[in-house]
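Here's the structure we're looking at; comments come further down.
Computed from a predicted model, the values in this text were never measured in an experiment.
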Amino acid sequence: MEGANGSLGKVKVGKPGFHFGRSPGWPDHPILGSFNHATTSGSPYNRTTVLGIYVSVPFCRSKCSFCNFASGVFSRDKMHAYVARLREEIASAEALAMGFGAKFERSIDSIYLGGGTPTTLAPDQILSIFHAIRDQFDVRPEAEITVECAPGTLRPEILDALLEGGTNRISLGTQSFINEEIKSVGRLHTAEQTLTDIGTLRAAGISNINVDLIAGLPHQTADTWHISLNQLAQSGVPHASVYILEVDEDSRLGRELMAGGERYHAHHVPDSDLVADLYLEAIDFLDGVGVPQYEISNFAGPGSESRHNLKYWTRQPYLGFGLDAHSMLYASNTSTKLECIRLANTDDLAAFSAGSSKPEPTLVDDQQASEEIMFLGLRLNRGIDVEGEPVVQHFKQQIGELCNAGLLEQCGTFLRLTPQGRLLSNEVFERFIAVPAG
């Protein structure tokens, strides 16, 4: 759940896939000028042309009631067909990029297998995905290679395949350390299995581990939330993702809540005020145990930030493969007003596996890129460097009004969200969308 698919629809605190994009038909606006893209590495916050790779594996042991991703429970035959199509898509990546007028880089420094639960695949299928990537790309020796796992799915043969594929980071979809809360949303693991998996991973040499928690699960209280936070701290993992339960029509639990029903334990979901308090408590608590917040939903010890996810928020290029995966590549012709190209794969499993659908392109001009710089950069706790990002000057009125409202603040040369601004981040981000520059 930690890894985003790279799309930009509506941004919400609760969703790692932060969909916040442009609807077809939105008006064009004046161009701000070209953007310089750094070509060197160093800090993961630096903008670079080195690619990240996201691979969507939309298969699960069970479909969680809160899930609003393109994923589900499918047969082994469908998994086999999907992996075969995935390998074909990876092999054609260069031709695809060039066909859309995008720059293509072979050098990559992050790989992220998300879903779904990639560890539902057979070991040979996992390895075949890694082999397909390495056949087409130059994976840097220091590359961060993350795989999402549901606790309880790390069988010895799966762990062996992950290690052989070069995996050096694991994201565990724990959601809670209270078994009643875990079971209420259809998860099949227990809190004890999460702790066992953490020990198993460390014994295998993988200590770079993320654990997901969700604020707002059915039966959750202030006391049980504190237990989960304490257990997280005691586990010693260097990274945590904390999401607020999303209530919308794209999940079974969300639809039931909106209808006022009681299925899926909907009548045991805490109210929004308590959920907001739980989120704020997590920020303070995790900071106190050395895992401070660095992005709206993400927390890490020093040097343990997710290099892959930072690509999304700092607008570094990435390629997404598989169902509902998204890509962002810089435009190859810098003499045009086009700044980058975003590509969106279908969310129809049958269409993807059959190869009958093509990615849907969105052409991003400099004005639209400036908007993305603002609302993506402000997701980060450090914010946006006012001196290093010229486009900030084009939003002076919006910034002034948001500062006066207590939603933004300037700290040194950085403009950032206030604690209240993080809770109301959608309202802040919307102020930078489709507004004339200058």
Output the distance between atom [atom1] ([X]) and atom [atom2] ([Y]), rounded to the nearest 0.5 Å.
{"X": "Leu274", "Y": "Trp225", "atom1": "CG", "atom2": "CH2", "value": "10.5 Å"}
{"X": "Ser353", "Y": "Leu323", "atom1": "OG", "atom2": "CG", "value": "7.5 Å"}
{"X": "Ser425", "Y": "Leu407", "atom1": "OG", "atom2": "CG", "value": "10.0 Å"}
{"X": "Glu371", "Y": "Asp365", "atom1": "CD", "atom2": "CG", "value": "8.0 Å"}
{"X": "Leu424", "Y": "Glu430", "atom1": "CG", "atom2": "CD", "value": "11.0 Å"}
{"X": "Ile206", "Y": "Leu159", "atom1": "CD1", "atom2": "CG", "value": "6.0 Å"}

Side-chain donor/acceptor of [X] to backbone N/O of [Y], under 3.5 Å:
{"X": "Gln220", "Y": "Gly216", "result": "yes"}
{"X": "Glu89", "Y": "Gly322", "result": "yes"}
{"X": "Asp212", "Y": "Tyr243", "result": "no"}
{"X": "Arg379", "Y": "Trp313", "result": "no"}
{"X": "Asn404", "Y": "Gly400", "result": "yes"}
{"X": "Ser356", "Y": "Ala351", "result": "yes"}
{"X": "Thr346", "Y": "Asp348", "result": "yes"}
{"X": "Thr167", "Y": "Leu162", "result": "yes"}
{"X": "Gln293", "Y": "Ile283", "result": "no"}
{"X": "Glu389", "Y": "Val391", "result": "no"}

Side chain to side chain donor-acceptor pair (under 3.5 Å) evaluation trace for Thr418 with Gln420:
CA-CA 5 Å; Thr418 63; Gln420 182 67 10; over 6 Å; no
With a 4.5 Å heavy-atom cut-off, do [X] and [Y] have their side chains touching?
{"X": "Arg140", "Y": "Val50", "result": "yes"}
{"X": "Ile399", "Y": "Val392", "result": "yes"}
{"X": "Arg134", "Y": "Ile90", "result": "no"}
{"X": "Leu121", "Y": "Val83", "result": "yes"}
{"X": "Ile341", "Y": "Leu363", "result": "yes"}
{"X": "Val291", "Y": "Pro238", "result": "no"}
{"X": "Leu319", "Y": "Tyr54", "result": "no"}
{"X": "Ile111", "Y": "His308", "result": "no"}

Considering non-hydrogen atoms only, spot the tightest contact between [X] and [Y] and give its length.
{"X": "Val364", "Y": "Ala369", "value": "CG1-N, 3.6 Å"}
{"X": "Cys403", "Y": "Leu415", "value": "SG-CD1, 4.3 Å"}
{"X": "Ser56", "Y": "Ala325", "value": "CB-CB, 4.4 Å"}
{"X": "Pro361", "Y": "Pro359", "value": "CD-O, 3.5 Å"}
{"X": "Gly114", "Y": "Glu148", "value": "CA-OE1, 3.6 Å"}
{"X": "Leu232", "Y": "Ala240", "value": "CD2-CB, 3.7 Å"}

Might you work through the side chain to side chain donor-acceptor pair (under 3.5 Å) test for Glu144 and Tyr112, ending with a clear yes or no?
CA-CA 8 Å; Glu144 174 193 87; Tyr112 197 109; over 6 Å; no
Around atom CD of Glu401, are there more than 12 heavy atoms from other residues, nucleotides or ligands closer than 6.0 Å?
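Counting neighbours around CD of Glu401, more than 12 heavy atoms of other residues, nucleotides or ligands fall under 6.0 Å, so yes.
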If we ignore angles and hydrogens, is there a donor and acceptor under 3.5 Å between the side chains of Ser241 and Asn210?
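Asn210 and Ser241 do have a side-chain donor-acceptor pair below 3.5 Å.
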Do Glu192 and Asn179 meet the criterion of a side-chain donor-acceptor pair at a distance under 3.5 Å?
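Short answer, yes.
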Single hit among His326, Gln368, Glu372 for side chain to side chain donor-acceptor pair (under 3.5 Å) with Arg342:
Glu372
Could you check Gln175 against Glu181 for side chain to side chain contact (heavy atoms under 4.5 Å, CB included), going step by step and ending with a plain yes or no?
CA-CA 9 Å; Gln175 320 313 351; Glu181 296 170 10; over 6 Å; no
Counting the benzene-type ring for Trp, do Tyr318 and Tyr312 have ring centres under 6.0 Å apart?
yes
Flag the pair Lys311 and Asp109 as a salt bridge only when some basic side-chain nitrogen lies within less than 4.0 angstrom of an acidic carboxylate oxygen.
yes
Between Ile384 and Phe414, is the side chain to side chain contact (heavy atoms under 4.5 Å, CB included) condition met? List the steps.
CA-CA 5 Å; Ile384 299 170; Phe414 281 83; 5.7 Å; no
Once side chain to side chain donor-acceptor pair (under 3.5 Å) is applied, do any residues pair with Glu281, and if so which ones, sequence neighbours excluded?
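Glu281 satisfies side chain to side chain donor-acceptor pair (under 3.5 Å) with His226 only.
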Under the rule for side chain to side chain donor-acceptor pair (under 3.5 Å), what residues qualify as partners of Glu157, not counting sequence neighbours?
Arg155
For a side chain to side chain contact (heavy atoms under 4.5 Å, CB included) check, start with the C-alpha distance between Thr194 and Ile182, then their side-chain angles and the critical distance, and finish with the verdict.
CA-CA 11 Å; Thr194 296; Ile182 295 169; 5.9 Å; no
May I ask you to decide if the ring planes of Tyr82 and Phe352 are parallel, tilted or perpendicular, using 30° and 60° as cut-offs?
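Answer is tilted, since the angle falls between 30° and 60°.
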Do the rings of Phe432 and Phe395 sit parallel, tilted or perpendicular, given the 30° and 60° boundaries?
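Perpendicular.
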Between Glu339 and Arg315, does a side chain to side chain contact (heavy atoms under 4.5 Å, CB included) hold up when you go through it step by step?
CA-CA 11 Å; Glu339 196 264 355; Arg315 300 189 75 253; 2.9 Å; yes
